[in-house]
Amino acid sequence: MGIFDKLQPLAAARRALAEKGVKSINVTMEEVLSPTEAVINGRRTILVGTNNYLGLTFDAGCIQAACKALQEQGTGTTGSRMANGTFAGHVALERELADFFGCRGAIVFSTGYVANLGMLSALAQPGDVILLDADCHASIYDGCRLGGAEVIRFRHNDVSDLEKRLRRLGDRAANALILVEGIYSMLGDRAPLKEIAAVKRQYGACLLVDEAHSVGVLGNRGRGLAEEVGVEESVDFIVGTFSKSLGAIGGFAVSNHPELELIRYASRPYIFTASPSPSTIASTRTALQLLRTRSELRTRLWENARRLYQRLSELNFRLGPEVSPIVAVRLPNPEEAIFLWNGLLERGVYVNLVLPPATPDGGALLRCSVSAGHTPEQVDRICEAFTSLRETAQTAQTIGTVTSPPARGGSV
Ligand code: PMP
């Protein structure tokens, strides 16, 4: 087999999508107008697929902090903290993250993806065992692979399946690492974290929660699902990202375990990549302050989430199981999803098109993510676009089949 042959199924899948009218999954935003609007294909378009939950990407304070850091510290760190040294802002952000989560320590990583790679590869190695919710993000799967531990998947959000698998481990259960997310990125459903924490305590295992989609979204102080359901004491590690509520790019882990500090020295994805740019760190520090002080953003986010979820369920779309800032429209096949996705784009609404194998159940998804930045009128316009497509979507089922690339595990 030639080096490029393995890419041919992808080429075929892309050709099939193009025939169905999907020119490119990577839609280009020709101009970004605000956290909720961009110009796409020359048309002013409402963005409903950004994960920009609090709409902070255009916050004046965040922009000002980033500009100041750019002017004072330059455009980049140009290297890893281990080799090239640490900027004071990175250390300050780690202190502020630890304080925000009420934890002893924090580590900043270059992205959320790298945070999972860095944490899991250092924590779980050959001889260790990981219990992983089947719907976990690709970065969690990849982190497990990098570490080389034995991976046991349990059924999504099924605590009795987790418990059964822990029981089967016998003595090894006390050293197992359980991996779950706060809000799951595909369907917007939450982990049953109270119950998972109870099982973790019962077996003496370790628990890591990826709160990428729940920091700034859940909890009285915006600390995520563990705060919301009152189990922060039982969570050993929280991993998160700066690329959603915090409106930038980067990742982090926080923990009360003093050993967290040692992970820096054991983690190749921390050691061998450049640290985030000073402007990124500066805007994230300001955004973290806003998470503390502007709880009305969270209120507005949830009002928008409830509004969109309710209106789409009234239209009889099959949605994720609970109201969430991720409102997933579940469709039986790629053709119907593509038809709706194209129709929405033509009506000035951009959502995420998710096709198998990235979907949890082999169906297709239109993933909407609402923002505190959406106005009620924008949410209404999104719903009107769905309404006008509702009837015609039914007829799209006859279009034919799209071939999908092979699965590697993990959600997007
Ligand atoms: N974890 C989860 C659950 C995610 O959904 C994502 C991104 N979608 C990541 C980690 C990776 O975050 P980042 O974009 O910062 O790399």
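Here, residue 1 is the first one in the sequence, and each next residue gets the next number. Counting starts at 1 for both ligands and their atoms, following the listed order. None of the values given here were measured: they were computed from a predicted structure. What you see below is based on every heavy atom in this structure, not just the backbone, and it leaves out hydrogens, waters and symmetry mates.
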Quiz prompt | F252 and F109 aromatic centres sub-6.0 Å | solution = no
Quiz item: Is the ring centre of Y113 less than 6.0 Å from the ring centre of H137?
Solution: no
Quiz item: So how far is it from I196 CD1 to I178 CD1, rounded to the nearest 0.5 Å?
Solution: 7.5 Å
Quiz item: Quick one: are D133 and C136 in side-chain contact, heavy atoms under 4.5 Å?
Solution: yes
Quiz item: Out of D210, N116, N51, I140, whose heavy atom is nearest to atom 2 (C) of ligand 1?
Solution: D210
Quiz prompt | Atoms of ligand 1, numbered as shown, that sit under 4.0 Å from any heavy atom of S243 | solution = 13 (P), 14 (O), 15 (O)
Quiz prompt | Nitrogen or oxygen of F242 less than 3.5 angstrom from that of ligand 1 | solution = no
Quiz item: If you count the atoms of ligand 1 from 1 in the order shown, which ones are under 4.0 Å from a heavy atom of E181?
Solution: 3 (C)
Quiz item: Can you list the atoms of ligand 1 that are under 4.0 Å from a heavy atom of H213?
Solution: 3 (C), 4 (C), 5 (O)
Exercise. Using a cut-off of 6.0 Å, state whether more than 12 heavy atoms not belonging to R268 lie near its atom CZ.
Key: no
Quiz item: Of all the atoms in ligand 1, which lie at a distance below 4.0 Å from a heavy atom belonging to S139?
Solution: 1 (N), 10 (C)
Quiz prompt | 4.0 Å heavy-atom contact, G251 with ligand 1 | solution = no
Quiz item: Any idea which atoms of ligand 1 are less than 4.0 Å away from a heavy-atom of T111?
Solution: 15 (O), 16 (O)
Quiz item: With a 4.0 Å cut-off on heavy atoms, does G250 reach ligand 1?
Solution: yes
Self-check item: Min side-chain heavy-atom separation L297-L56 under 4.5 Å
Solution: yes
Self-check item: Candidates E72, Q71, Q64 - the one meeting side chain to side chain donor-acceptor pair (under 3.5 Å) with K68
Solution: E72
